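So you know, we letter chains A, B, ... as the sequences are listed, proteins then strands, and number each from 1. Note that this is a predicted model, so its numbers are computed, not measured.
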Protein chains: 2
Amino acid sequence: MPPQTTLTGSSKPRGKLADADAPIDGPIDNLGTLKTFSRSAEIYGQNEPADRIYKVISGAVRTCRVLVNGRRQIGAFCLPGDLFGLEVRDEHTFSAEAVTELRVVVAKRSALIVLAENDSGSADQLWSLIGQELFRVQEQALLLGMTAPERIATFLLEMADRLQGGDCLELPMPRQDIADYLGLTIETVSRTFTGLERGLAIQMPTSRRIIIRNHASLDRLAHGRR
Amino acid sequence: MPPQTTLTGSSKPRGKLADADAPIDGPIDNLGTLKTFSRSAEIYGQNEPADRIYKVISGAVRTCRVLVNGRRQIGAFCLPGDLFGLEVRDEHTFSAEAVTELRVVVAKRSALIVLAENDSGSADQLWSLIGQELFRVQEQALLLGMTAPERIATFLLEMADRLQGGDCLELPMPRQDIADYLGLTIETVSRTFTGLERGLAIQMPTSRRIIIRNHASLDRLAHGRR
DNA sequence: CGGGCACTTGAGCTTTGTCAACACTCGTGG
DNA sequence: CCACGAGTGTTGACAAAGCTCAAGTGCCCG
């Protein structure tokens, strides 16, 4: 199987530290150039032409859209190694913003398409990326049907897996982003974190640093009963 | 643009009556055979190999999965003209069941793949189907972030559009299916319908037949404020 | 030291879920 | 033809979850 590159954070095993830089090894990297963004900078906007694709080298990205009523929905968090900006339609459905100081590799979409047309390996890879993305969005739809503690537990386990810091994770995003990702209010997120800490499932030295104390109890919350 | 075929009910304009048979004109149809299922029959199960794709000729289909905790999630309703069963992975993420008496055209997935490899038009079509599906799931994630009346209003407008009966629709599915699709309980669905009828937005001659009386008020509910 | 920002906590309220009873429809069998 | 029962839908009373508004804490950075 070709290089470890995930589109917008699949739940597949990865194997890099979040703070470490992602290796430059995929087909995108060879065609792309390095670019940096500062905290909260917009990388592209909703409805802009989707003519470039990006790969996170260091930092984190959120993809989001604001609705007519003002609510904001975060579609995904992208961590080092993740691809984003790849769309099937010609316009971006979500905008993308830097959650932290950010370094990405940018490549022209057209270069990718040409690559895929000539090289069936790249085409397969493209296809599998879309498959991962579809799967991810389906899982998110599942997430949104759960209770608040279930959503938070699922989120923490996902982040623990993707940040690869073992059971000790440094969340790059503020509470408001987590709330908008999980479809909750910031207060409910905060209270649920506190509740998990009281229940000894996690420990919070600071609000951004979470240590998973009881993996099993989070698992039980995220999946099965209780 | 080639034949009017939608994957699992896009929000693109279609143009057939739900009760009428869908025309047999796509690439799938030429390769496929007609098959019938009776009400509640399983067409394929979760985790079964995804080696066939289907097109609804008459009737309706629900795709669903049951979670460890017993809750059921409906991923989509498929109406005449809709494709379903096409997966990027090799196994079905959702099972598919006949909501009503059902007629479908079935084709081997492998035949489709071969077609796509030799004919770039078919490949584009396949690509655009996945794009539609991705878009649809993203919209469903939006849906699940709304309040109950907003979800119901959105659902009714979507069905009104897809069933093409103007403002008079005959829902093929029971309340429980609607509830599991919208992430609500059957009671909340029922009460919300009643509420909309009291508010004169809709009229319900029978529980399955819904007449949209005030399109604008449903629109306001589904999108913007109020 | 002071201001701003992110986060937490509390009190009250709204929405939705739960449990239970009841109504309607339709097909079957007495 | 009617009675019955199963499946489906509605309604009510209450409980629980999550949201809103408001205040308060802690921290970082000037």
Side-chain angles (χ1 to χ4, degrees), chain A residues 38-40 60 62 67 69-73 99-101 143-153 155-156 170-199 202-210 221 225-226, chain B residues 38-40 60 62 67 69-73 97-101 143-153 155-156 170-199 202-210 221 225-226:
Chain A
S38 51
R39 204 163 169 279
S40 297
R62 61 175 170 258
L67 314 177
N69 52 41
R71 275 172 292 192
R72 183 180 73 151
Q73 189 191 36
V99 174
T100 61
E101 293 300 306
L143 195 66
L144 296 174
M146 300 179 175
T147 66
E150 287 168 347
R151 291 185 220 192
I152 296 283
F155 172 75
L156 285 178
E170 185 77 28
L171 299 175
M173 72 291 287
R175 294 284 188 269
Q176 187 62 61
D177 284 0
I178 300 177
D180 291 342
Y181 177 64
L182 299 178
L184 299 170
T185 60
I186 187 176
E187 292 96 333
T188 299
V189 171
S190 184
R191 275 188 256 270
T192 307
F193 272 123
T194 306
L196 288 177
E197 188 170 36
R198 278 206 232 289
I202 64 172
Q203 195 179 330
M204 284 192 293
T206 75
S207 67
R208 297 294 185 98
R209 176 173 295 278
I210 311 277
L221 251 180
R225 163 88 30 221
R226 200 198 156 210
Chain B
S38 50
R39 204 164 168 279
S40 296
R62 61 174 169 259
L67 313 177
N69 52 40
R71 275 172 291 192
R72 183 180 73 151
Q73 190 191 37
E97 299 167 5
V99 174
T100 61
E101 293 301 306
L143 196 65
L144 295 174
M146 300 178 175
T147 68
E150 288 168 346
R151 292 185 220 193
I152 296 283
F155 172 74
L156 286 178
E170 185 77 29
L171 298 175
M173 72 292 285
R175 293 286 187 268
Q176 186 62 62
D177 284 0
I178 300 177
D180 290 342
Y181 177 65
L182 298 178
L184 299 170
T185 61
I186 186 176
E187 293 95 333
T188 299
V189 171
S190 186
R191 275 188 256 268
T192 307
F193 272 122
T194 306
L196 288 177
E197 188 170 35
R198 278 206 234 287
I202 64 172
Q203 195 179 331
M204 285 191 292
T206 75
S207 66
R208 296 296 184 97
R209 177 172 295 277
I210 311 278
L221 251 181
R225 162 90 27 222
R226 203 204 154 201

What is the distance from [atom1] of [X] to [atom2] of [N], rounded to the nearest Å?
| X | N | atom1 | atom2 | answer |
| --- | --- | --- | --- | --- |
| A/L171 | C/dA6 | CG | P | 15 Å |
| B/R71 | C/dG17 | CZ | P | 11 Å |
| B/R209 | D/dT8 | CZ | C1' | 18 Å |
| A/I152 | C/dT8 | CD1 | P | 10 Å |
| B/M204 | D/dT10 | CE | C1' | 9 Å |
| B/L196 | D/dT11 | CG | P | 13 Å |

Assess whether salt bridge (charged side-chain N to carboxylate O under 4.0 Å, His left out) is satisfied between B/R175 and B/D180, documenting all intermediate values. CA-CA 9 Å; B/R175 293 286 187 268; B/D180 290 342; over 6 Å; no
For A/A60, the side chain to side chain contact (heavy atoms under 4.5 Å, CB included) test, sequence neighbours excluded, returns A/L79, A/V99, A/T100, A/P172
To the nearest 0.5 Å, what is the distance between [atom1] on [X] and [atom2] on [Y]?
| X | Y | atom1 | atom2 | result |
| --- | --- | --- | --- | --- |
| B/M204 | B/L196 | CE | CG | 8.0 Å |
| B/R62 | B/Q176 | CZ | CD | 10.0 Å |
| A/L184 | A/I152 | CG | CD1 | 6.0 Å |
| A/L182 | A/F155 | CG | CZ | 6.0 Å |

If you count the non-hydrogen atoms of other residues, nucleotides and ligands that lie under 6.0 Å from CZ in A/R39, is the total more than 12?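 No - once you tally the heavy atoms of other residues, nucleotides and ligands closer than 6.0 Å, there are 12 at most.
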Return the set of residues passing side-chain hydrogen bond (donor to acceptor under 3.5 Å, both in side chains) with [X] (not counting sequence neighbours), or none when no residue passes.
| X | value |
| --- | --- |
| A/T147 | A/E150 |
| A/E101 | none |
| A/S190 | none |
| B/R209 | B/E170 |

According to salt bridge (charged side-chain N to carboxylate O under 4.0 Å, His left out), who are the partners of B/E187, at least two apart in sequence or on a separate chain?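 None.
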Provide a list of protein-nucleic acid N or O atom pairs under 3.5 angstrom, restricted to nucleotides 11-16 of chain C.
residue	atom	partner	partner atom	Å
C/dT16	OP1	B/A148	N	2.7

Apply side chain to side chain contact (heavy atoms under 4.5 Å, CB included) to B/M146 and B/L143, showing your working. CA-CA 6 Å; B/M146 300 178 175; B/L143 196 65; 4.2 Å; yes
Could you tell me whether B/T206 contacts a base, only the sugar-phosphate backbone, or nothing, with contacts defined as non-hydrogen atoms closer than 4.0 Å? nothing
What residues, two or more places apart in sequence or in another chain, satisfy ring-ring contact (aromatic ring centres under 6.0 Å, His included) together with B/F193? none
Nearest heavy-atom neighbours spanning B/T188 and B/T192: O-OG1, 2.6 Å
Atom pairs, protein N/O to nucleotides 23-30 of chain D N/O, distance under 3.5 Å:
none

Would you give a per-nucleotide map of nucleotides 20-25 of chain C, 5' to 3', where B means the base has a protein non-hydrogen atom under 4.0 Å away, S means only the sugar-phosphate does, and - means neither? ------
Stretch residues 173-181 of chain B: residues that reach within less than 4.0 Å of DNA chain C through a heavy atom: none
To the nearest 10 degrees, what angle separates the axes at the start and end of the helix from C/dC1-D/dG30 to C/dG30-D/dC1, five pairs each? 20°
Looking at the side chain of A/S190, which of C/dT9, D/dT8, D/dT10 is the nearest nucleotide?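 So the nucleotide nearest the side chain must be C/dT9.
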After noting the C-alpha distance and the side-chain angles of A/V189 and A/I186, does the key distance pass the side chain to side chain contact (heavy atoms under 4.5 Å, CB included) rule? CA-CA 5 Å; A/V189 171; A/I186 187 176; 5.5 Å; no
Using heavy atoms to find the nearest nucleotide of DNA chain D for B/R39 and B/T194 separately, return the residue whose nucleotide is more 5′.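 Its nearest nucleotide being more 5', the pick is B/R39.
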